[in-house]
Amino acid sequence: MTESNGINGTYSNGNGNAVPVVIEAHNVLASSVPAKYFEKHPSKPHISSLAEYKALYKESLDSPDTFWGRMANELLTFSRPYTKVQHGGFEYGDSAWFLDGLLNASYNCVDRHAFADPDRIAIIYEADEEKDSRKISYGELLREVSKVAATLKSFGVTKGDTVAIYLPMIPEAIIALLAVVRLGAIHSVVFAGFSSGSLSDRVLDANSKVVITTDEGRRGGKDVSTKRIVDDALKNCPDVKHVLVYRRTGAGIPWTPGRDYWWHEETVKHRPYFPPVDVASEDPLFLLYTSGSTGKPKGVLHTTAGYLLGAAMTGKYVFDIHPGDIYFTAGDVGWITGHTYVLYAPLLLGVTTLVFEGTPAYPSFSRYWDIIEKYKATQFYVAPTALRLLKRAGDEFIHHDLSSVRTLGSVGEPIAPEIWNWYHEKIGKEEAHIVDTYWQTETGSNIITPLSGVTPTKPGSASLPFFGIEPAIIDPVSGEELFGNDVEGVLAIKRPWPSMARSVWNSHGRYLETYFHPYRGYYFTGDGAGRDHEGYYWIRGRVDDVVNVSGHRLSTAEIESALIQNSNVAEAAVVGTHDDLTGQAVNAFVVLRGDIEGNMVDMKKELILQVRKSIGPFAAPKNIIIVCDLPKTRSGKIMRRILRKVLAGEEDGLGDISTLANPSIVEEIIATVKALR
Ligand code: ATP
Ligand code: MG
């Protein structure tokens with residue numbers, strides 16, 4: 001049965017449930033890598049053509065042991081070689097890689113480069129105030145990491161212990177993580193913007209006995225009382241016996257003698273070489289609590305060799321990192337993006353990573369571009385939320401020579417084509433290659449993504465799977481896999497890959513339940529996705545965010561993209577509410593650009609028309625609610641869950657909103673919605 005829905009039809013999935021097929025807007029042809037990209041390349045991309053990608057991809061699925069074995073031997077240094085490439089699978093959650101191998105992560109990130117070329121710059125630190133910036137060579141990094149490792153050892157930290165890290169984006173954050181793993185211990189980073197309650201929950205859950213922090217942090221010209229927050233959190237954590245404090249601002253802070261130790265006083269006591277402690281490939285490397293967009297955070301556990309291989313391989317092939325590159329990920333080390341792409345990928349590959357302490361808006365909206373120009377960054381990686389902010393600020397802030405940039409990355413949310421095009425034209429000057437990288441805390445590294453210099457792109461599509469990733473689109477109603485192209489459903493992965501999470505800390509049952517029980521035999525991502533007529537993947541966002549109007553499953557991201565096409569709109573968030581007639585109705589929260597005034601009734605009509613035109617009449621919002629800002633996680637993701645509850649009149653059931661980046665906006669939105677009732 002095929003019935004028309006005004007775009008290009010829905011089709012029946014066999015049990016009477018209509019599933020929309022890929023909409024017209026996605027039938028755009030992929031455009032190839034800009035010619036200028038190759039002109040400014042220092043040599044040539046690691047992969048020469050789409051055909052070479054396809055051949056390697058095929059090999060990664062057909063002969064995984066050969067493929068992964070070769071990659072691991074090329075990119076990692078083991079102190080004892082592995083004897084078996086992989087074991088286990090999804091059923092029991094016992095997937096294991098590079099068995100019998102021994103290695104150390106800090107050796108792989110630091111020592112091997114420090115031995116070869118000690119003066120090479122490992123870290124460029126761009127401080128909140130430009131004048132505080134500095135550079136750290138690989139030789140220096142090895143000495144610093146060694147001293148901190150020795151300090152932690154003197155606190156009693158040994159292999160298998162967890163160490164909580166509550167540090168801002170300063171080089172010492174990288175040094176601290178590397179020092180922890182040098183001992184074979186496990187880092188548990190908590191974003192240094194989280195409240196004391198969130199910090200104590202995580203310290204307790206991970207059973208950490210040592211915390212590393214600063215006196216204060218500095219971001220966007222403001223001081224953050226990091227140590228006070230830690231002190232507050234630790235009132236509930238009697239097992240924490242040592243707090244190591246790096247002096248960042250020199251402010252007066254509360255001090256608990258016998259528990260608190262200054263970084264500069266302790267580290268000088270130790271020898272600047274500390275031998276790395278070998279761990280097994282499958283020993284834990286770190287745990288990281290997911291951002292909590294969908295509920296109680298989980299301590300996602302990653303192990304050593306597989307995770308490191310994913311980081312190194314995606315650094316090499318997705319970002320096309322080459323010797324001499326200056327790699328700039330504008331993400332916080334408190335998130336997975338900071339782990340994999342500020343620290344592990346660039347340092348495993350021995351290039352320079354840029355650690356930026358500040359915000360894109362301080363001292364002005366040109367800060368990212370100032371940094372790229374100043375250091376001639378070759379790759380830049382950021383979340384769409386920052387791009388929306390900067391587009392909204394206006395193009396007068398972009399007047400820089402950004403010609404050093406070859407690759408522009410996007411991560412964390414679907415990127416609206418409007419924003420993609422702006423990134424391509426205004427920042428990339430149509431010379432850089434955009435990689436829209438889809439992945440999760442749980443996947444460890446990029447899993448659906450273009451390869452820089454190789455994959456033709458379509459604005460808004462994460463494109464094709466990375467090596468070894470076998471995606472599946474599943475019909476959420478029947479639970480059956482949908483084969484072929486032009487299909488829509490939920491996104492799952494069919495076989496294990498080296499950098500996938502191995503467990504949820506202290507809760508393997510929750511790991512199995514969350515990821516492997518919803519669809520047996522698959523890893524379930526929790527995201528909706530479509531595969532278009534060319535096999536390109538379009539991530540629709542979380543399955544919970546889908547709106548169902550008269551049997552049409554609409555992705556909120558799609559409707560939001562349509563709204564953003566209107567130049568008056570800075571940001572939009574769409575949620576469904578119950579509707580007697582249609583099942584669910586579309587509601588759009590819209591943030592207008594700062595300078596917009598005039599008749600809001602006309603504006604709302606215009607926006608409804610915009611959606612009708614771009615998607616179809618059935619997608620037209622029933623309500624447009626104009627607000628000053630949207631509720632977001634600290635990593636910048638829109639929390640539609642909260643908007644849904646506010647609209648449903650369930651203000652009392654919002655749960656903990658203290659981890660939001662902007663909790664006060666919730667009150668404002670509640671008031672706006674009430675006024676409309
Ligand atoms: P939680 O799991 O606690 O709810 P979270 O899912 O926001 O938090 P992350 O692991 O940081 O935590 O984010 C992964 C999610 O981000 C993906 O599942 C997807 O929804 C979204 N995402 C990441 N990259 C992309 C991308 N390139 N395009 C579309 N969505 C993306
Ligand atoms: Mg998630």
Side-chain angles (χ1 to χ4, degrees), residues 189 191 194 198 201-202 287-302 314 318 329 331-341 381-387 408-417 419-420 423 434-450 455 457-466 471 490-493 499-501 504 510-511 514-515 518 523-530 536-546 555-558 560-561 631-642 655-656 659-661:
V189 180
F191 173 61
F194 270 149
S198 310
D201 286 351
R202 288 159 173 76
L287 56 109
L288 178 61
Y289 291 83
T290 61
S291 65
S293 320
T294 51
K296 184 179 182 290
K298 301 175 275 287
V300 170
L301 178 77
H302 280 284
T314 50
V318 175
T329 292
D332 196 281
V333 74
W335 311 121
I336 190 68
T337 303
H339 282 58
T340 309
Y341 298 104
Y381 195 22
V382 78
T385 182
L387 298 175
L408 290 172
S410 171
V411 59
E413 283 183 293
I415 178 168
I419 303 291
W420 195 105
Y423 201 23
I434 296 196
V435 293
D436 173 4
T437 62
Y438 169 78
W439 60 301
Q440 311 175 297
T441 308
E442 298 88 338
T443 68
S445 45
N446 309 148
I447 58 165
I448 297 183
T449 174
T455 315
T457 46
K458 307 183 188 189
S461 166
S463 82
L464 302 172
F466 191 67
V490 301
L491 180 65
I493 311 292
S499 72
M500 66 181 289
V504 169
R510 193 167 170 211
Y511 171 75
T514 311
Y515 306 110
Y523 165 86
F524 175 47
T525 63
D527 290 311
Y536 272 50
Y537 289 84
W538 297 78
I539 309 299
R540 309 287 188 216
R542 294 163 201 296
V543 176
D544 322 338
D545 287 343
V546 165
S555 122
T556 53
E558 207 104 62
E560 290 158 10
S561 291
K632 289 187 197 140
T633 62
R634 299 273 178 166
S635 53
K637 294 183 206 214
I638 299 169
M639 297 267 270
R640 294 177 191 76
R641 173 167 66 87
I642 289 183
D656 179 17
T659 58
L660 289 188

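When a ligand or atom number is given, it counts from 1 through the structure's own listing order. Being a predicted model, the structure only gives us computed values, none of them experimental.
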Enquirer: Residues in ring-ring contact (aromatic ring centres under 6.0 Å, His included) with Y536, at least two apart?
Expert: none
Enquirer: Heavy-atom distances under 4.0 Å are what count here, so tell me which part of W439 touches ligand 1: side chain, backbone, both or neither.
Expert: backbone
Enquirer: Using a 4.0 Å heavy-atom threshold (strictly under), name the region of A462 that reaches ligand 1: side chain, backbone, both or neither.
Expert: neither
Enquirer: Could you tell me if S445 and Y341 have a donor-acceptor pair between their side chains, going purely by distance under 3.5 Å?
Expert: no
Enquirer: What's the spacing between Y423 OH and S410 OG if we round to 0.5 Å?
Expert: 6.5 Å
Enquirer: Do T633 and S635 meet the criterion of a side-chain donor-acceptor pair at a distance under 3.5 Å?
Expert: yes
Enquirer: With E560, which residues qualify under salt bridge (Lys or Arg N to Asp or Glu O under 4.0 Å), at least two apart?
Expert: R640
Enquirer: For ligand 1, note which part of T437 has a heavy atom under 4.0 Å away: side chain, backbone, both or neither.
Expert: backbone
Enquirer: Is there a polar contact between ligand 1 and D436, counting only N or O atoms under 3.5 Å apart?
Expert: yes
Enquirer: Is any side-chain heavy atom of H302 less than 4.5 Å from a side-chain heavy atom of L287?
Expert: no
Enquirer: Under a 4.0 angstrom heavy-atom cut-off, which atoms of ligand 1 come close to I539?
Expert: 29 (C), 30 (N)
Enquirer: Relative to the heavy atoms of T290, which atoms of ligand 1 are at a distance of less than 4.0 Å?
Expert: 1 (P), 2 (O), 3 (O)
Enquirer: Using heavy-atom distances, let me know which of R542, E413, K637 sits nearest atom 16 (O) of ligand 1.
Expert: K637
Enquirer: Should you measure from each heavy atom of G412, which atoms of ligand 1 turn up under 4.0 Å away?
Expert: 16 (O), 21 (C), 22 (N), 23 (C), 24 (N), 25 (C), 31 (C)
Enquirer: Is any N or O atom of Q440, backbone or side chain, closer than 3.5 Å to an N or O atom of ligand 1?
Expert: yes
Enquirer: Have a look at ligand 1 and work out which part of T441, if any, has a heavy atom under 4.0 Å from it: side chain, backbone, both or neither.
Expert: both
Enquirer: When you measure from the side chain of S198 to the backbone of F194, do you find a donor-acceptor pair of N or O atoms at a distance under 3.5 Å?
Expert: no
